[in-house]
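The chains referred to below are lettered A, B, ... by the order of the sequence lines, with proteins before strands, and numbering in each begins at 1.
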There are 2 protein chains.
Amino acid sequence: MNKPERLRATDIAYSSIRQGLIAGRWPAGSHLRETELADEFGISRTPVREALRRLASEQMVEFEPHLGVRVPGWSEQDLAEIFALRVELESFAAGEAARHATPDHVEALRQLARDMEQAAFGGPQPDYVRITEANDRFHRLIVTASGNRRLMSLIGTLIELPLVIRTFARFDTKAMARSVQHHFDLADAIADRNADWAIAVMRAHIHAGRQVMLKKTAGDD
Amino acid sequence: MNKPERLRATDIAYSSIRQGLIAGRWPAGSHLRETELADEFGISRTPVREALRRLASEQMVEFEPHLGVRVPGWSEQDLAEIFALRVELESFAAGEAARHATPDHVEALRQLARDMEQAAFGGPQPDYVRITEANDRFHRLIVTASGNRRLMSLIGTLIELPLVIRTFARFDTKAMARSVQHHFDLADAIADRNADWAIAVMRAHIHAGRQVMLKKTAGDD
DNA sequence: TGGGTCGCCATTGTATACACGATAGTAGCT
DNA sequence: AGCTACTATCGTGTATACAATGGCGACCCA
């Protein structure tokens with residue numbers, strides 16, 4: 001009874017372009033031409049336009065009438081703004097999750113924390129893809145568990161950015177261990193239904209991530 | 001040397017539909033047909049589609065593939081979620097504004113508070129249009145003064161909703177006076193560069209607004 | 001009479017053609 | 001030589017034609 005989940009050309013364009021943006025396929029400042037993308041995906045300009053506008057509304061690209069879309073560059077101010085907002089929204093999500101999470105949520109959070117730990121320290125070297133995957137799902141699950149459906153779309157525009165996604169490759173062993181520990185702490189706080197604790201850990205968690213970013217990007221790119 | 005600000009069909013469609021949504025032109029659950037709207041505005045479906053997708057990304061309408069867009073109804077849960085997020089984001093904005101506002105910002109805030117007071121109590125009866133206008137600009141200015149450019153787009157999706165916009169018609173004299181007072185307090189707190197004070201007042205302000213909404217919508221519509 | 005299936009129709013999804021604004025390169029003028 | 005105006009060209013903006021989908025009602029059959 002699973003629906004075939006129709007594949008619309010718009011979704012193909014959206015996912016592909018988005019993936020390209022996250023993967024850093026186009027340098028900052030690049031001009032994304034509708035025709036080129038359409039040809040590449042074997043579809044027409046219409047769905048490409050739709051995908052680009054959607055990405056623009058999520059601030060994944062910059063759009064200007066008659067000029068098209070450009071891949072934005074990330075200034076230090078952008079970075080500061082994004083992390084400041086993440087501190088507020090994700091800590092709020094954690095607090096709400098502590099109030100509304102089900103036992104299933106808690107168990108899933110713990111499993112994801114273990115996955116992340118395994119991916120980080122279970123092998124000869126960290127598996128950054130798995131780490132990122134587990135981290136991403138962990139943070140999303142907290143938003144889901146918060147029960148606030150609008151929160152997801154707000155936070156979505158903040159965490160799915162190239163410079164946030166690829167953060168983990170920049171973590172040293174200590175920072176990685178701290179990050180994993182935070183996830184276990186968050187699961188504990190939420191299991192304990194202690195909103196204050198959850199909020200505090202999440203604030204600390206995002207601040208820590210921000211500091212790693214700021215240090216490492218100083219002389220980067 | 002002011003640019004004529006070319007009017008694109010897309011913008012016409014976007015503004016018109018948005019205005020219609022805020023004015024409550026279509027009842028909740030209405031199905032907005034692209035062709036109808038296009039005919040009404042004398043343009044083609046293409047820019048209408050673009051406008052509708054944009055409104056969908058702002059959650060002003062609900063979109064489902066192959067079915068089109070519907071005007072959403074607002075459940076009590078929606079209302080609770082929206083105000084909970086406003087408490088967090090607008091209070092954060094107020095705190096940041098206290099840190100970054102210029103004297104010009106402060107003066108403009110005070111003027112808007114006076115405008116609102118005048119519109120509410122300066123005549124035989126409240127001028128709801130002017131009140132809403134002054135209130136809207138006041139809140140926007142605080143976000144602007146916060147210096148966080150991404151905050152505007154996040155908050156924008158929360159405050160420009162039909163049920164938020166038309167709140168003031170439901171305020172009694174006491175609630176109105178309290179709201180005006182909060183605005184003066186916010187201006188004072190920001191002028192004093194006291195972020196903690198500004199945050200506290202804004203949290204109280206949004207909570208108060210939320211309570212008025214919840215009471216009045218109970219047996220409404 | 002009730003349930004199920006088929007097919008029509010309304011509406012959205014996509015492609016394509018054309019219009020128009022923006023830009024860059026060039027030629028002509030000062 | 002430098003500046004300006006013109007023009008060619010590229011790319012986006014809009015319109016329209018056509019394809020595909022999903023809802024809904026009619027019809028058939030038990």
>> Please report the distance, rounded to the nearest Å, between NE2 in His66(A) and P in dT14(D).
In response: 7 Å

> Between the side chains of His183(B) and Asn135(B), is a donor N or O closer than 3.5 angstrom to an acceptor N or O?
Replying inline: yes

>> Given dT14(C), dG13(D), dT23(C), identify the nucleotide with an atom nearest to the side chain of Leu67(A).
In response: dT23(C)

> Atom CZ of Arg8(A) and atom C1' of dA15(C): how far apart are they, to the nearest Å?
Replying inline: 16 Å

> Of the nucleotides dG11(D), dA22(C), dT14(C), which one has an atom closest to the side chain of Pro47(A)?
Replying inline: dT14(C)

>> Which nucleotide wins on minimum distance to the side chain of Arg33(B), given the candidates dT11(C), dT12(D), dT14(D)?
In response: dT11(C)

> Atom CZ of Arg70(B) to atom P of dT12(C): distance rounded to whole Å?
Replying inline: 11 Å

> Tell me: CD of Glu36(A) to P of dG11(D), nearest whole Å?
Replying inline: 7 Å

> What nucleotide, of dA15(C), dT14(D), dT11(C), holds the atom closest to the side chain of Ser44(A)?
Replying inline: dA15(C)

> Which whole-number value in Å describes the distance from Leu37(B) CG to dT11(C) C1'?
Replying inline: 13 Å

>> Please determine whether a side-chain nitrogen or oxygen atom of Thr10(B) lies at a distance below 4.0 Å from atom OP1 or OP2 of dG13(D).
In response: no

> For dG13(C), does either OP1 or OP2 sit under 4.0 Å from a side-chain N or O belonging to Thr46(A)?
Replying inline: no

>> Under 3.5 Å, is there a donor on one side chain and an acceptor on the other for Ser179(B) and His182(B)?
In response: no

> In Å, rounded to the nearest 0.5 Å, how long is the span from CG of Leu186(B) to CG of Leu141(B)?
Replying inline: 11.5 Å

>> Categorize Leu32(A) for me: base, sugar-phosphate, or nothing, with a 4.0 angstrom heavy-atom threshold over every strand shown.
In response: sugar-phosphate

> Could you give the CG-to-P distance, from Leu7(B) to dT14(D), as a whole number of Å?
Replying inline: 10 Å

> Do Arg54(B) and Arg49(B) come close enough that some side-chain heavy atom pair is under 4.5 Å?
Replying inline: no

> Out of curiosity, Arg193(A) CZ to Arg99(A) CZ, how far, rounded to the nearest 0.5 Å?
Replying inline: 11.0 Å

> Using a cut-off of less than 4.0 Å, is there contact between a side-chain N or O of Arg49(B) and OP1 or OP2 of dG13(C)?
Replying inline: yes

>> Taking donor-acceptor contacts at under 3.5 Å, does the side chain of Thr35(A) reach the base of dT12(D)?
In response: no

> For dT12(D), does OP1 or OP2 lie under 4.0 Å from any side-chain N or O of His31(A)?
Replying inline: yes

> Atom CG of Asp11(A) to atom P of dT14(C): distance rounded to whole Å?
Replying inline: 8 Å

> dG11(D) base to Arg45(A) side chain: any donor-acceptor pair below 3.5 Å?
Replying inline: no

>> In whole Å, I'd like the distance from the CD atom of Glu34(A) to the C1' atom of dC18(C).
In response: 15 Å

